[in-house]
Amino acid sequence: MTSIRENIAQIEQKIGNRAKLIAVTKTKPVSLLQEAYDAGCHDFGENRVQEMAEKQPQLPADLRWHQIGHLQTNKVKYIAPFVALIHSVDSLSLLREINKQAAKNGRVIDCLLQIFIAQEETKFVLSPDETRFLLQSDDLDALTTIRIVGLMGLATNTDNEAQVREEFRGLKQLYSELATIRRPNLAFSELSMGMSGDYELAIEEGSTMVRVGSAIFGSRL
Ligand SMILES: *Cc1c(COP(=O)(O)O)cnc(C)c1O
(Lines give C-alpha, C1' and ligand atoms only; values in the text may rest on other atoms or scores of the structure.)
Protein backbone atom coordinates (compact mmCIF):
# COMPACT_ATOMS: atom_id res chain seq x y z
CA MET A 1 0.00 0.00 0.00
CA THR A 2 1.26 3.48 -0.80
CA SER A 3 1.47 6.08 1.94
CA ILE A 4 -0.54 9.29 2.22
CA ARG A 5 2.65 11.22 1.46
CA GLU A 6 3.24 9.21 -1.73
CA ASN A 7 -0.37 9.57 -2.83
CA ILE A 8 -0.31 13.33 -2.36
CA ALA A 9 2.99 13.62 -4.24
CA GLN A 10 1.62 11.57 -7.14
CA ILE A 11 -1.58 13.59 -7.37
CA GLU A 12 0.27 16.90 -7.06
CA GLN A 13 2.50 15.81 -9.91
CA LYS A 14 -0.50 15.10 -12.14
CA ILE A 15 -2.12 18.41 -11.22
CA GLY A 16 1.03 20.46 -11.62
CA ASN A 17 0.32 24.14 -11.12
CA ARG A 18 -3.04 23.99 -12.89
CA ALA A 19 -5.30 23.56 -9.84
CA LYS A 20 -5.28 23.48 -6.05
CA LEU A 21 -5.60 20.16 -4.26
CA ILE A 22 -8.21 20.01 -1.48
CA ALA A 23 -7.70 16.83 0.56
CA VAL A 24 -11.15 15.51 1.47
CA THR A 25 -10.73 14.27 5.03
CA LYS A 26 -14.30 13.35 6.01
CA THR A 27 -14.53 10.25 8.26
CA LYS A 28 -10.72 10.17 8.62
CA PRO A 29 -9.06 10.44 12.05
CA VAL A 30 -7.00 13.48 13.03
CA SER A 31 -3.77 11.43 12.93
CA LEU A 32 -4.18 10.90 9.18
CA LEU A 33 -5.01 14.56 8.65
CA GLN A 34 -1.78 15.44 10.44
CA GLU A 35 0.08 13.09 8.08
CA ALA A 36 -1.41 14.86 5.06
CA TYR A 37 -0.56 18.22 6.60
CA ASP A 38 3.04 17.13 7.18
CA ALA A 39 3.19 15.99 3.56
CA GLY A 40 2.47 19.56 2.50
CA CYS A 41 -1.29 19.59 1.97
CA HIS A 42 -2.78 22.50 3.89
CA ASP A 43 -6.30 22.59 2.39
CA PHE A 44 -8.81 20.12 3.85
CA GLY A 45 -12.43 19.50 2.88
CA GLU A 46 -15.10 18.19 5.24
CA ASN A 47 -18.78 17.68 4.53
CA ARG A 48 -20.13 17.69 8.09
CA VAL A 49 -19.99 20.79 10.24
CA GLN A 50 -19.66 18.98 13.53
CA GLU A 51 -16.76 16.87 12.31
CA MET A 52 -14.91 19.90 10.97
CA ALA A 53 -15.48 21.89 14.16
CA GLU A 54 -14.15 18.98 16.26
CA LYS A 55 -11.03 18.44 14.16
CA GLN A 56 -10.11 22.08 13.62
CA PRO A 57 -8.68 22.86 17.10
CA GLN A 58 -6.58 19.67 17.04
CA LEU A 59 -4.61 20.67 13.94
CA PRO A 60 -2.30 23.53 12.95
CA ALA A 61 -3.99 26.92 12.83
CA ASP A 62 -2.74 27.78 9.33
CA LEU A 63 -4.72 24.91 7.82
CA ARG A 64 -7.46 26.07 5.41
CA TRP A 65 -10.81 24.34 6.01
CA HIS A 66 -13.26 23.90 3.15
CA GLN A 67 -16.94 23.13 3.75
CA ILE A 68 -17.89 20.88 0.81
CA GLY A 69 -21.17 19.34 1.97
CA HIS A 70 -24.65 20.74 2.39
CA LEU A 71 -24.66 23.47 5.03
CA GLN A 72 -27.72 24.04 7.19
CA THR A 73 -28.40 27.65 8.12
CA ASN A 74 -28.42 26.92 11.85
CA LYS A 75 -24.92 25.39 11.71
CA VAL A 76 -23.06 28.22 10.02
CA LYS A 77 -22.09 29.68 13.39
CA TYR A 78 -19.93 26.68 14.29
CA ILE A 79 -17.54 27.11 11.35
CA ALA A 80 -17.77 30.87 10.75
CA PRO A 81 -14.79 31.68 13.03
CA PHE A 82 -12.32 29.75 10.88
CA VAL A 83 -13.70 28.31 7.61
CA ALA A 84 -11.66 29.36 4.55
CA LEU A 85 -14.16 28.60 1.79
CA ILE A 86 -17.72 27.29 1.70
CA HIS A 87 -18.18 25.35 -1.56
CA SER A 88 -21.81 24.38 -1.08
CA VAL A 89 -23.94 27.52 -1.00
CA ASP A 90 -27.39 26.84 -2.45
CA SER A 91 -29.59 29.81 -1.50
CA LEU A 92 -29.75 33.51 -0.77
CA SER A 93 -30.98 32.78 2.76
CA LEU A 94 -27.84 30.72 3.45
CA LEU A 95 -25.70 33.56 2.07
CA ARG A 96 -27.48 35.96 4.42
CA GLU A 97 -26.70 33.78 7.43
CA ILE A 98 -23.05 33.33 6.39
CA ASN A 99 -22.86 37.11 6.01
CA LYS A 100 -24.28 37.63 9.50
CA GLN A 101 -21.95 35.12 11.14
CA ALA A 102 -18.93 36.45 9.25
CA ALA A 103 -19.70 39.96 10.53
CA LYS A 104 -19.97 38.65 14.10
CA ASN A 105 -16.49 37.20 13.73
CA GLY A 106 -15.06 40.29 12.07
CA ARG A 107 -14.32 38.37 8.87
CA VAL A 108 -15.27 38.17 5.22
CA ILE A 109 -16.13 34.58 4.23
CA ASP A 110 -15.51 33.34 0.71
CA CYS A 111 -18.24 31.21 -0.87
CA LEU A 112 -18.91 29.15 -3.99
CA LEU A 113 -22.37 28.46 -5.37
CA GLN A 114 -23.06 24.76 -5.86
CA ILE A 115 -24.55 24.11 -9.28
CA PHE A 116 -26.61 21.18 -10.51
CA ILE A 117 -24.74 19.49 -13.38
CA ALA A 118 -25.25 15.73 -12.87
CA GLN A 119 -28.01 13.48 -14.10
CA GLU A 120 -28.80 12.21 -10.64
CA GLU A 121 -31.51 13.98 -8.73
CA THR A 122 -29.71 16.11 -6.21
CA LYS A 123 -31.03 18.30 -3.46
CA PHE A 124 -29.33 21.44 -2.20
CA VAL A 125 -28.01 22.67 -5.54
CA LEU A 126 -28.86 25.65 -7.74
CA SER A 127 -29.89 25.33 -11.36
CA PRO A 128 -28.09 27.59 -13.85
CA ASP A 129 -31.20 29.80 -14.06
CA GLU A 130 -31.54 30.08 -10.30
CA THR A 131 -27.87 31.04 -10.18
CA ARG A 132 -28.28 33.76 -12.83
CA PHE A 133 -31.27 35.11 -10.91
CA LEU A 134 -29.39 35.09 -7.60
CA LEU A 135 -26.34 36.87 -8.98
CA GLN A 136 -28.51 39.55 -10.62
CA SER A 137 -30.38 40.20 -7.38
CA ASP A 138 -29.84 43.65 -5.88
CA ASP A 139 -30.25 42.00 -2.46
CA LEU A 140 -26.71 40.70 -2.82
CA ASP A 141 -25.10 44.10 -2.48
CA ALA A 142 -26.14 44.40 1.18
CA LEU A 143 -24.03 41.35 2.02
CA THR A 144 -20.71 43.03 2.62
CA THR A 145 -19.04 40.29 4.67
CA ILE A 146 -19.25 37.52 2.09
CA ARG A 147 -17.55 37.20 -1.28
CA ILE A 148 -18.78 34.86 -3.99
CA VAL A 149 -15.59 33.65 -5.63
CA GLY A 150 -16.92 31.04 -8.06
CA LEU A 151 -18.86 27.83 -8.59
CA MET A 152 -18.75 24.19 -7.50
CA GLY A 153 -20.25 21.10 -9.09
CA LEU A 154 -20.34 17.31 -8.86
CA ALA A 155 -20.45 15.32 -12.08
CA THR A 156 -22.56 12.20 -12.49
CA ASN A 157 -21.03 9.11 -10.91
CA THR A 158 -20.49 7.12 -14.11
CA ASP A 159 -17.74 5.47 -16.18
CA ASN A 160 -18.97 7.41 -19.19
CA GLU A 161 -16.11 9.85 -19.66
CA ALA A 162 -17.79 11.77 -22.45
CA GLN A 163 -20.74 12.52 -20.21
CA VAL A 164 -18.61 13.63 -17.27
CA ARG A 165 -16.54 15.83 -19.57
CA GLU A 166 -19.68 17.42 -20.98
CA GLU A 167 -20.99 18.17 -17.50
CA PHE A 168 -17.71 19.82 -16.49
CA ARG A 169 -17.65 21.75 -19.74
CA GLY A 170 -21.17 23.04 -19.12
CA LEU A 171 -20.18 24.24 -15.66
CA LYS A 172 -17.12 26.01 -17.04
CA GLN A 173 -19.34 27.74 -19.61
CA LEU A 174 -21.71 28.93 -16.91
CA TYR A 175 -18.71 30.10 -14.88
CA SER A 176 -17.39 32.15 -17.81
CA GLU A 177 -20.80 33.69 -18.39
CA LEU A 178 -21.34 34.64 -14.73
CA ALA A 179 -17.79 35.91 -14.25
CA THR A 180 -18.73 38.92 -16.36
CA ILE A 181 -21.33 40.14 -13.83
CA ARG A 182 -20.05 43.12 -11.84
CA ARG A 183 -21.08 43.45 -8.21
CA PRO A 184 -19.09 44.58 -5.16
CA ASN A 185 -18.98 41.12 -3.56
CA LEU A 186 -18.46 39.00 -6.68
CA ALA A 187 -14.86 38.08 -7.44
CA PHE A 188 -14.91 34.97 -9.60
CA SER A 189 -11.59 33.12 -9.55
CA GLU A 190 -12.39 29.53 -8.51
CA LEU A 191 -14.12 26.62 -10.20
CA SER A 192 -14.30 23.65 -7.81
CA MET A 193 -14.82 20.45 -9.78
CA GLY A 194 -13.24 17.01 -9.87
CA MET A 195 -12.87 14.20 -7.29
CA SER A 196 -10.70 11.06 -7.05
CA GLY A 197 -12.22 9.45 -10.13
CA ASP A 198 -12.44 12.45 -12.43
CA TYR A 199 -10.06 15.21 -11.31
CA GLU A 200 -7.80 14.93 -14.36
CA LEU A 201 -10.79 15.35 -16.68
CA ALA A 202 -12.02 18.25 -14.55
CA ILE A 203 -8.68 20.05 -14.80
CA GLU A 204 -8.66 19.59 -18.57
CA GLU A 205 -12.07 21.30 -18.56
CA GLY A 206 -10.94 24.25 -16.46
CA SER A 207 -11.14 23.28 -12.79
CA THR A 208 -9.07 25.39 -10.39
CA MET A 209 -9.76 23.27 -7.29
CA VAL A 210 -10.04 19.50 -7.07
CA ARG A 211 -11.55 17.78 -4.03
CA VAL A 212 -9.80 14.44 -3.61
CA GLY A 213 -10.47 11.99 -0.78
CA SER A 214 -10.14 8.28 -1.48
CA ALA A 215 -7.17 8.62 -3.85
CA ILE A 216 -5.23 10.07 -0.89
CA PHE A 217 -6.61 8.24 2.14
CA GLY A 218 -8.03 5.04 0.66
CA SER A 219 -11.69 4.21 0.40
CA ARG A 220 -14.15 5.19 3.13
CA LEU A 221 -16.04 2.39 4.83
C1 LIG B 1 -16.54 12.96 -0.53
C2 LIG B 1 -16.51 14.11 -1.46
C3 LIG B 1 -15.43 14.29 -2.35
C4 LIG B 1 -14.26 13.32 -2.45
O5 LIG B 1 -14.64 12.11 -3.01
P6 LIG B 1 -13.53 11.02 -3.42
O7 LIG B 1 -14.20 10.23 -4.48
O8 LIG B 1 -13.24 10.24 -2.19
O9 LIG B 1 -12.34 11.75 -3.92
C10 LIG B 1 -15.44 15.40 -3.15
N11 LIG B 1 -16.46 16.31 -3.11
C12 LIG B 1 -17.50 16.17 -2.28
C13 LIG B 1 -18.58 17.19 -2.30
C14 LIG B 1 -17.56 15.06 -1.43
O15 LIG B 1 -18.62 14.93 -0.61
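Keep in mind that what you see is a predicted model, and the values were worked out from it rather than measured. Both ligands and their constituent atoms are indexed starting at 1 by order of listing. Counting from 1, the numbers follow the sequence of the chain as shown.
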Inset, instruction - Give a yes-or-no answer on whether the side chains of S88 and Q114 include a donor-acceptor pair shorter than 3.5 Å. - result: no
Inset, instruction - Establish, from distance only, whether the side-chain atoms of E167 and Q163 form a donor-acceptor pair under 3.5 Å. - result: yes
Suppose we measure from [atom] to each protein heavy atom; which comes out shortest, and what is that distance?
{"atom": "atom 12 (C) of ligand 1", "result": "I68 CD1, 3.6 Å"}
{"atom": "atom 2 (C) of ligand 1", "result": "K26 NZ, 2.6 Å"}
{"atom": "atom 10 (C) of ligand 1", "result": "M195 SD, 3.3 Å"}

Inset, instruction - May I ask you to say whether D90 pairs ionically with K123, meaning some side-chain N is under 4.0 Å from a carboxylate O? - result: no
Inset, instruction - Run the salt-bridge test on R165 and E204 with the 4.0 Å N-O cut-off and return the result as yes or no. - result: yes
Inset, instruction - Would you give the length of the straight line joining atom CD1 of I68 to atom CG of L85, rounded to the nearest 0.5 angstrom? - result: 11.0 Å
Atom indices of ligand 1, in the order listed, that fall short of 4.0 Å to a heavy atom of [X]:
{"X": "G213", "answer": "4 (C), 6 (P), 8 (O), 9 (O)"}
{"X": "R211", "answer": "4 (C), 9 (O), 10 (C), 11 (N), 12 (C), 13 (C)"}
{"X": "S214", "answer": "6 (P), 7 (O), 8 (O), 9 (O)"}
{"X": "V212", "answer": "9 (O)"}
{"X": "R220", "answer": "1 (C), 5 (O), 6 (P), 8 (O)"}

Inset, instruction - Would you check if the distance from the ring center of F44 to the ring center of H66 is below 6.0 Å? - result: no
Legend entry - Within one Ile-Leu-Val-Met-Phe-Trp-Tyr cluster: I216 and V210, side-chain cutoff 4.5 Å: yes
Legend entry - Winner among G69, S196, G197 once heavy atoms are compared against atom 9 (O) of ligand 1: S196
Legend entry - Any H87 heavy atom less than 4.0 Å from ligand 1: no
